[in-house]
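Any value given below was found using the heavy atoms of this structure, including those in side chains, with hydrogens, waters and symmetry copies removed. If you're wondering where the values come from, they're calculated on a predicted model, not measured in any experiment.
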Amino acid sequence: MKSQLVTTTGRHEHPPQPVASHEPHSVRRVGVLDRAALHIGVALIKWGRRPVKIDTREQLAVYAEVQRVRLERERERDHYMATHLPRIF
């Protein structure tokens with residue numbers, strides 16, 4: 001069974017609603033107060049997203065604590081491996 005469907009060729013108008021005429025419309029101007037509020041808002045967003053600098057003494061203390069904990073963890077791992085690994089093999 002052979003059947004062929006043919007679609008109708010036509011032209012679509014874009015936009016679908018026809019535009020009667022191109023009349024100029026009034027544009028609302030942005031006031032000074034609106035422009036100032038926009039600039040203040042953008043400045044606040046930029047200020048809120050700025051990187052926070054940590055005090056170097058505080059940063060060194062945190063780094064020293066992390067390093068101490070890391071060394072302790074490695075020491076405990078080595079001790080565990082030295083005492084329990086020979087039992088496995």
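- Residue-environment remark: CZ (Arg49) stays at or below the threshold of 12 foreign heavy atoms within 6.0 Å.
- Here the CG atom belonging to Asp34 is positioned 6.0 Å from the CZ atom belonging to Arg28, to the nearest 0.5 angstrom.
- For the atom pair NE2 of His79 and NE2 of His84, the computed distance is 7.5 Å after rounding to the nearest 0.5 Å.
- Evaluation of the side chain to side chain donor-acceptor pair (under 3.5 Å) rule for Gln67 yields Arg70 as partners, not counting sequence neighbours.
- Ion pairing between a basic and an acidic side chain is recognised when a charged N comes within 4.0 Å of a carboxylate O; Arg68 and Glu65 show such pairing.
- Separation of atoms OG1 (Thr83) and CG (Asp78) is listed at 10.5 Å; rounding is to 0.5 Å.
- To the nearest 0.5 Å, atoms CG (Leu44) and CH2 (Trp47) are separated by 8.0 Å.
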